[in-house]
There are 2 protein chains.
Amino acid sequence: MSDILTAGNLSFAPLYKRVKMRIMQRLTVGEWKPGEAIPSESRLTEEFQVSIGTIRKAIDELSAEKILVREQGRGTFVATHTEDRFLYYFFRIVDRNGVKIFPQSHMLSFRRMRADANQAERLQITRGARVIRINNLLKLGGKPVEIDEIILPAERFPGLTEEMLLTRSSTIYHLYQAQFGINVIRAAEKLHAVTADDETARILHLQKGSPVLGIARVAYTYNNLPVELRNSYVNTVDHDYFNDLGKSA
Amino acid sequence: MSDILTAGNLSFAPLYKRVKMRIMQRLTVGEWKPGEAIPSESRLTEEFQVSIGTIRKAIDELSAEKILVREQGRGTFVATHTEDRFLYYFFRIVDRNGVKIFPQSHMLSFRRMRADANQAERLQITRGARVIRINNLLKLGGKPVEIDEIILPAERFPGLTEEMLLTRSSTIYHLYQAQFGINVIRAAEKLHAVTADDETARILHLQKGSPVLGIARVAYTYNNLPVELRNSYVNTVDHDYFNDLGKSA
DNA sequence: TAGTGGTCTAGACCACGTG
DNA sequence: ACGTGGTCTAGACCACTAC
C-alpha cells in the first residue's frame with residue numbers, strides 16, 4: 001500500500017490503478033454502500049472508457065483487499081461486516097482446540113469524554129476533542145474472556161447512543177457501517193503480556209495478579225483514516241490469540 | 001488455499017491453477033532453488049503450451065503467496081529468506097515506537113531427543129521419532145527480549161550440527177533453506193500471556209513471576225508440510241508483538 | 001434466456017535492468 | 001540492443017444466478 005497511491009499522486013500511475021482509485025473514491029463518498037452491488041464490469045468499461053481487462057485488474061486488487069467481494073453470476077458487492085467476515089479478519093481469539101466461536105458482547109459502561117494526548121494522536125484528532133468511551137465484556141461459550149475499552153471520535157459517530165449499542169443484534173463494526181457509513185477495513189494491533197489489575201481480574205474470573213494478554217488496536221477505514229481505538233485484555237487460560245503469518249488470504 | 005487444489009484433484013481446475021501447481025511441484029522437488037530465476041514467462045509459454053496471460057495469472061498467485069518474487073526487467077525468482085523477508089513476515093516484535101530491528105541470536109542449548117505425543121502430532125511425524133531441540137536467546141539492541149525453544153524433525157535436517165548453528169551468519173530460516181532445501185513459507189502462531197518461570201525470568205532480566213508473552217508456532221513449507229515447532233517467550237516490557245489485520249500484503 | 005463474473009487467447013506497446 | 005516483466009486491448013467462450 002505504501003506506494004505512489006498513498007502518496008496521493010496518481011497522475012502517472014497505471015490506468016488500472018487510477019480506475020481502482022476512482023472506484024475507492026466513490027466508495028468513500030458513499031455512492032455505493034456496503035452490501036450493494038457496484039455496476040457490472042461491462043458497464044464500468046463504458047463508464048471509464050477502458051477495456052474489461054483493466055477493470056478486472058482494478059477489481060482484482062480491491063477484492064484482494066477485501067473492499068469488494070465478487071460473486072460469480074450475481075455481481076460485485078461492497079464488503080459488509082457479516083459475522084463471518086468479522087470472525088475471519090477482526091476477531092482472533094480461539095479456544096484450546098483452535099476453534100473460533102462468535103463472542104457475546106455485554107456493555108459495562110458508556111461515557112462521553114475528551115481525548116487525551118495519546119488518544120488524539122492515534123485517532124488523528126485534536127487533543128480535547130470529544131470522544132466516546134465504551135467498555136464491553138466479551139463472553140465465549142458463556143465464560144468471560146475479554147474486556148474491551150473502545151474510544152471513538154464523537155464527530156464521526158453523531159447521535160450514537162447507549163441504547164443503540166445495547167439493542168444491536170450484530171457486531172459493532174456492522175453498526176458503524178449501517179448507522180454511520182463507516183466501513184472498517186483494516187486494523188493494526190500491538191500485543192503484550194501484563195499483570196491484570198484487580199478489577200480486570202475480577203471481571204475475567206482470574207486470580208489477582210494473573211497475567212493477561214493486552215491488545216492495543218487502531219482500526220481504519222478507507223484511506224488509512226483511523227476511526228476506532230481499542231484496548232483489550234484477554235484471559236488466555238483457556239483461549240489463544242491466533243495468527244497466520246505469510247498468508248495472502 | 002483450502003479448495004480443490006489442496007484436496008489433490010486438479011483435473012478439472014482452471015488451466016492457470018494447473019500451471020501453478022506444476023510450477024509448485026518443480027519448486028518442491030528442488031528443480032528451481034531459492035534465489036534462482038525460473039524460466040521467463042515467454043519460455044514457460046512454450047513449455048506449458050498456454051498463453052502468456054495464463055502463465056501470468058499462475059505466477060500472480062504464487063507471488064501473492066510470496067513463493068515467487070517478480071523483478072521487472074530481470075526475471076522471476078524463487079523467494080529466499082533474506083533479512084528483509086524474515087523481518088517482514090516471520091518476526092513480529094517491535095519496540096515501543098513500533099520500530100522493528102533485526103534480532104541477535106545466541107544459542108543456549110542443542111540436543112537430540114525423541115518426539116513426545118504433542119510434538120509428533122504437530123509435526124505430523126510418529127511419536128518417538130528423532131527430533132532436535134534448540135534453545136536460543138534473542139537480543140534486540142543488546143537487551144534480552146525473547147527465548148525460543150525450537151523443535152525440528154531430525155529426518156528433514158540430516159547432518160545438522162551445533163557448529164552450523166553457531167557459525168551461521170543469517171537467519172535460521174535461511175539456514176534451513178541453504179543447507180536442507182527447506183523453504184519456510186507460512187507459520188501459524190498461538191499467543192497467550194503466562195507467568196514466566198524462574199529461569200525464563202532470569203534470562204529475560206525480569207522479576208520472578210513477571211508476565212511474558214508466550215508464542216507457540218508451527219512453520220510450514222510447500223504443501224502445508226510442518227517443518228518446525230517453536231515455543232517462544234517474549235519480555236513485553238519494552239516491546240510489542242505487532243499484527244496487521246485485514247491486509248493483503 | 002439474459003446478464004454476471006471467470007477463463008483463455010493473441011498481440012501490441014511500455015518500463016526496466018543488463019550488457 | 002536485447003530480454004525481462006508490466007500494462008492494455010479486444011474478443012471468444014464458459015459457469016453460475018436469477019427470472
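Just so we're on the same page: letters track the sequence lines, and every chain starts at 1.
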- Task: Would you please confirm or rule out a distance under 4.0 Å between OP1 or OP2 of dG5(D) and any side-chain N or O of T76(B)?
- Result: yes

- From the list dT4(C), dG6(D), dC8(C), which nucleotide is the closest neighbour of the side chain of S42(A)? dT4(C)

- For the residue pair H81(A) and Y176(A), is the inter-centroid distance of their aromatic rings smaller than 6.0 Å? no

- What's the closest nucleotide to the T54(B) side chain, out of dA15(C), dG5(C), dT9(C)? dT9(C)

- Using whole Å, report how far CD1 of I55(B) lies from P of dT4(D). 13 Å

- Tell me, please, whether F242(B) has K190(A) positioned over its six-membered ring: NZ or CZ under 6.0 Å from the ring centre and within 45 degrees of its axis? no

- Message: From CZ of F48(A) over to C1' of dC8(D), roughly how many Å is that when rounded to an integer?
- Response: 16 Å

- Item | Spacing of R43(A) atom CZ relative to dG3(C) atom P, expressed in whole Å | 9 Å

- Whole angstrom value for the distance that separates P of dC8(C) from CZ of R18(B): 7 Å

- Task: Scan side-chain atoms only and decide if Y173(A) and E228(A) contain a donor-acceptor pair under the 3.5 Å cut-off.
- Result: yes

- Message: Counting only side-chain heavy atoms from C-beta out, which of dG5(D), dT7(C), dG5(C) sits nearest to E41(A)?
- Response: dG5(C)

- Message: Could you tell me how far apart E61(A) (CD) and dT7(D) (P) are, to the nearest whole angstrom?
- Response: 8 Å

- Message: What I want to check is whether the side chains of E189(B) and Y241(A) have a donor and an acceptor closer together than 3.5 Å.
- Response: no

- Query: Hey, is the side chain of S40(A) poking within less than 4.0 Å of OP1 or OP2 on dG3(C), counting only N and O atoms?
  - Reply: no

- Message: Ignoring hydrogens and geometry beyond distance, is a side-chain donor-acceptor pair present between T221(B) and R156(B) at under 3.5 Å?
- Response: no

- Taking for each residue the nucleotide of DNA chain D bearing the nearest heavy atom, is the 5' side occupied by E71(B) or by I52(A)? E71(B)

- Message: Does a side-chain N or O of R74(B) approach OP1 or OP2 of dT18(C) to a distance below 4.0 Å, or not?
- Response: yes

- Query: Q72(A) CD to dA18(D) C1': how many Å, rounded?
  - Reply: 14 Å

- Would you say K57(B) reaches dC8(C)'s phosphate, i.e. side-chain N/O to OP1/OP2 under 4.0 Å? no

- Item | Side chain of Y16(A) (C-beta onward), nearest among dT7(D), dG5(C), dT7(C) | dT7(D)

- Taking only the side-chain heavy atoms of L15(A) (C-beta and beyond), determine which of dT4(C), dG6(C), dT9(D) contains the nearest atom. dT9(D)

- Can you check the E46(B) CD to dA10(C) C1' distance for me, whole Å? 15 Å

- Task: Return the 5'-most residue of the pair V50(A), G73(A) with respect to DNA chain D, ranking by each residue's nearest nucleotide.
- Result: V50(A)

- Query: Are R56(B) and dG6(D) close enough that a side-chain N or O sits under 4.0 Å from OP1 or OP2?
  - Reply: yes

- Rounded interatomic separation in angstrom, taking CD from Q49(A) and P from dT9(D): 10 Å

